[in-house]
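We count ligands from 1, going down the list as the structure has it; atoms in each ligand are counted the same way.
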Amino acid sequence: MLTRALVIGATGQIGYELVPALRKLYGVDNVVAGYHSKKPSGVLLEGPVEQVDVSSRESLEAVIKKSDFDEVYNLAALLSAAGEKNPQLAWKVNMIGHYNVLELAREYGFRVFWPSTIAVFGPTTPKYKTPQHTIIEPITMYGITKYAGELLARYYVQKYDLDVRGVRWPGIISSEALPGGGTTDYAVEIFYYAVEGKPYTCYLREDTELPMMYMPDAIKSVIQLMSANKARLKLYVGYNVSAFSFTPRQLVEEIRKYIPGFKVEYKPDFRQAIADSWPKSLDDSVAREEWGWSPDWTFEAMVKDMLVKIARKLGKKLDIEE
Ligand code: SER
């Protein structure tokens, strides 16, 4: 049987790469790229697209009604930094949007993927190898909506027997669409400056260690979790998934192995306090046990691959053996 899927937030950093990955699995015509304010471009236009406002039940239902979707991937969210600039909008998109998807899942019977984040953790959480179950007192609107959303999703799973699944992603590094409004965005931005030969001003202190993951592993986590045997899942949403951790200084040192003259200065802004409230590494043993999670990419391999990809994208020549 063919699976039909809707990806909400398709023009964002993760949606832009999840849509083609799902189209490879389900067929190009069976995966609809849902967008809102940012118009779809590039690979997204190879298949169907629909404008949808997740925070409006009517808008969402109009798209859901058109097609018999088996799965909805709700990636629409304001991230940590954007959420602090407009907490009211973050609540609307992240929380009401999530509620609308769950309510329509209850009525139309589709499965849901909905990601959470390391931003659910706060300053009182143990920083290293942060356990799955621990003190959770987020300080950003983003973290608050995502933790409340985890509880809400699990409620719908228990009460209405819905199939809702999701992970807690760390910062995601990728070469296709740019991230927007996150605290971990520096770790993508920096590659463009390095490849262009421009100096970079980092908004986090050089010793700010954060958990991160390369996009191919992020996509793998979605596909693996969505195809996992339901009988083995206990948590359903909010699985810690981890790959590697690094500081801005370590990232700069790794980039300098290929671009020795790369110049960076550090000017921490409001995002420093957000980063300081998050874990430095995660314990993802529950994801490993329940659905066999393991990442493929190391920090070093990611940096090399990013440089190759960004150089190709910007039409620059770097002396890197592929
Ligand atoms: N990348 C996100 C952010 O920085 C974390 O989930 O807000």
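By the neighbour-count criterion of 12 heavy atoms within 6.0 Å, atom OH of Y192 is densely surrounded, having more than that number from other residues, nucleotides or ligands.
Taking the six-membered ring where the residue is Trp, the centroids of F110 and F69 are separated by 6.0 Å or more.
A search for salt bridge (charged side-chain N to carboxylate O under 4.0 Å, His left out) contacts involving E137 returns nothing, not counting sequence neighbours.
Under 4.0 Å from any atom of ligand 1, one finds heavy atoms of residues L79, S80, T117, Y142, G182, T183, T184, W278.
Looking at T208 and Q272, their side chains do bring a donor and an acceptor atom within 3.5 Å of each other.
Stacking of R271 on the aromatic ring of Y203 is recorded, both the 6.0 Å distance cut-off and the 45° axial limit being met.
We find that E107 and R57 are joined by a salt bridge, their nearest charged nitrogen and carboxylate oxygen being less than 4.0 Å apart.
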